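Computation of the quantities below employed the complete heavy-atom set of this structure, encompassing side-chain atoms and omitting hydrogens, waters and symmetry-equivalent molecules. These numbers come from a predicted model, not from an experiment. Counting starts at 1 for both ligands and their atoms, in listed order.
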Amino acid sequence: MSLPCLSKNGGVCFSWPGTSGGWRLLFGRMERFKMTGPYDEKGYELDLFCVPKHYEEDLDRVIIPHGLIMDRTERLARDIVRDMGGHHIVALCVLKGGYKFFSDLLDYIKALNQNCDKSVPLTVDFIRLKSYCNDQSTNSVKVIGGDELSTLTGKNVLIVEDIVETGRTMETLLSLLSECNPKMVKVVSLLVKRTPRGSGYRPDYMGFEVPDWFLVGYALDYNEYFRDLGHICILNEKAKVKYKV
Ligand code: IMP
Ligand code: MG
């Protein structure tokens, strides 16, 4: 069975054939492990979890179960409040893929605000970007909606994104945002894909480092489908054809 492990810069990492070792979470304890050869790291069998009936034929494996996403998000909320506490934060949701993570992260921050000495006043903003068609990046990042970025001048902005792959989307957004002179900008991304196409960009906070697969669920889509799936899963090849545009 696949086990997540902690990566060097704090995200929980899923390793795959070719990696050589790291840390893994075993029965609630972090322990060091060494991989001696190819490691079968392909997530979980689909029938171990509940998935919507209408997607049962479309998915290969569950890569990150919903419960694990929630637990990791709770910890990210704590880290963000620790670092940004005392400041007013504008949480900027990158639509559409970021909406689930945004909503759950903010719920955890709100819970901390109610239960801790240190609290963070929060307001929200939204931007809609598009860079993908089918399972391929189009090499262009388009802003196709959202609030005026100029309202962020002088603010502490927390950008909330679903996944960083090449890093192009985030670099484009950061450069647009810098024209509006915000006071501070931090980025939290639930996922960071380990890919040779990456620009080297790393967000300030990340949930999980994942292999170079096309992932769906928890608001990550394939041509708008699979946002209504709770777990993060791998799509099968048949489904890529079925939902192709
Ligand atoms: P980047 O610009 O290559 O970093 O890509 C980031 C954007 O591409 C994300 O905001 C997603 O919208 C989309 N994306 C990248 N990888 C995936 C994936 O595996 N599934 C769904 N969307 C993805
Ligand atoms: Mg996105």
Side-chain angles (χ1 to χ4, degrees), residues 11 13-14 16 41-43 51 55 58-64 66 69 73 76 91-106 124-146 149 157-177 185-237 239-240 242-245:
C13 148
F14 286 82
W16 57 98
E41 186 75 31
K42 293 206 182 100
V51 296
Y55 291 143
D58 303 327
L59 305 168
D60 247 357
R61 318 265 302 169
V62 172
I63 298 299
I64 314 179
H66 183 257
I69 299 170
T73 303
L76 287 170
L92 177 64
C93 176
V94 184
L95 295 170
K96 295 179 186 175
Y99 92 89
K100 275 296 296 166
F101 178 48
F102 180 82
S103 155
D104 289 331
L105 181 73
L106 263 58
V124 296
D125 248 316
F126 299 88
I127 187 162
R128 189 159 167 216
L129 303 177
K130 196 168 172 64
S131 61
Y132 251 71
C133 183
N134 297 319
D135 62 345
Q136 297 296 318
S137 171
T138 58
N139 288 330
S140 80
V141 183
K142 289 198 191 90
V143 178
I144 55 171
L149 289 179
V157 182
L158 176 69
I159 299 176
V160 184
E161 171 66 307
D162 53 353
I163 182 164
V164 170
E165 186 180 3
T166 62
R168 209 176 295 124
T169 301
M170 205 36 67
E171 285 172 342
T172 306
L173 178 55
L174 286 169
S175 120
L176 284 174
L177 205 53
V185 181
K186 297 273 184 197
V187 178
V188 56
S189 180
L190 177 64
L191 307 175
V192 174
K193 211 180 266 189
R194 200 181 275 183
T195 166
R197 299 178 302 285
S199 66
Y201 169 78
R202 307 295 277 182
D204 300 286
Y205 305 92
M206 69 164 179
F208 303 91
E209 201 171 82
V210 290
D212 196 2
W213 294 320
F214 190 78
L215 302 172
V216 292
Y218 194 69
L220 278 90
D221 73 311
Y222 177 80
N223 295 330
E224 298 302 327
Y225 290 92
F226 304 99
R227 296 200 199 271
D228 56 335
L229 163 69
H231 314 294
I232 292 176
C233 299
I234 308 186
L235 202 58
N236 64 33
E237 292 304 314
K240 285 188 188 172
K242 179 173 160 190
Y243 297 100
K244 205 178 175 91
V245 292

Evaluation steps, side chain to side chain contact (heavy atoms under 4.5 Å, CB included), between Thr172 and Leu129
CA-CA 10 Å; Thr172 306; Leu129 303 177; over 6 Å; no
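- The environment of OH in Tyr201 is crowded: more than 12 heavy-atom neighbours from other residues, nucleotides or ligands sit within 6.0 Å.
- The ring pair (Phe, Tyr, Trp, His ring centres under 6.0 Å) test applied to Phe226 returns Tyr55, Tyr243, not counting sequence neighbours.
- Only the side chain of Glu161 comes within contact range of ligand 1, with a heavy atom under 4.0 Å; no backbone atom does.
- Looking at ligand 1, you'll find an N or O of Glu165 within less than 3.5 Å of one of its N or O atoms.
- Between Asp221 and Lys96 there is no salt bridge, since none of the side-chain N atoms of the basic residue sits less than 4.0 Å from a carboxylate O of the acidic one.
- Under 4.0 Å is where a charged nitrogen must lie from a carboxylate oxygen, and between Arg168 and Glu171 no such pair does.
- Note on ligand 1: Leu129 sits outside its first shell, no heavy atom being nearer than 4.0 Å.
- A donor-acceptor contact closer than 3.5 angstrom links the side chains of Tyr218 and Asp104.
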Pair Ile64, Val210 - check side chain to side chain contact (heavy atoms under 4.5 Å, CB included), show working.
CA-CA 9 Å; Ile64 314 179; Val210 290; 4.0 Å; yes
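- Shown here for Leu158 and Leu105, the closest heavy-atom pair between the two residues is CD2-CD2, 4.4 Å.
- Proximity annotation for atom 23 (C) of ligand 1: of Thr166, Ile163, Leu235, Ile163 comes nearest, heavy atoms only.
- The CG atom of Leu92 sits 10.0 Å away from the CD atom of Glu161 when rounded to the nearest 0.5 Å.
- Considering only non-hydrogen atoms, atom 12 (O) of ligand 1 lies nearest to Asp162 out of Asp162, Val164, Ile63.
- Looking at Leu220 next to ligand 1, no N or O pair under 3.5 Å apart turns up.
- Around NZ of Lys242, the count of heavy atoms belonging to other residues, nucleotides or ligands within 6.0 Å exceeds 12.
- Heavy atoms of Val216 found under 4.0 angstrom from ligand 1: none, in either backbone or side chain.
- Listed by number with element, the atoms of ligand 1 under 4.0 angstrom from any heavy atom of Lys193 are 16 (N), 17 (C), 18 (C), 19 (O).
- Residue Thr169 touches ligand 1 through backbone and side chain together, judged by heavy-atom distances below 4.0 Å.
- Partners of Thr195 by side-chain hydrogen bond (donor to acceptor under 3.5 Å, both in side chains), not counting sequence neighbours, listed by chain and number: Arg197, Asp212.
- Every residue two or more places apart in sequence or in another chain that forms a side chain to side chain contact (heavy atoms under 4.5 Å, CB included) with Asp60 is listed here: Ile234, Asn236.
- Take a cut-off of 2.8 Å around the Mg ion (ligand 2): the protein N, O or S atoms inside it are Glu161 OE1, Asp162 OD1.
- Residue contacts with ligand 1, taken as heavy atom pairs separated by less than 4.0 Å, involve Trp213 solely via the backbone atoms N, CA, C and O.
- Taking only nitrogen or oxygen atoms, main chain and side chain alike, Gly167 reaches within less than 3.5 Å of ligand 1.
- Heavy-atom contacts of Asp221 reach the following atoms of ligand 1: 21 (C) (cutoff under 4.0 Å).
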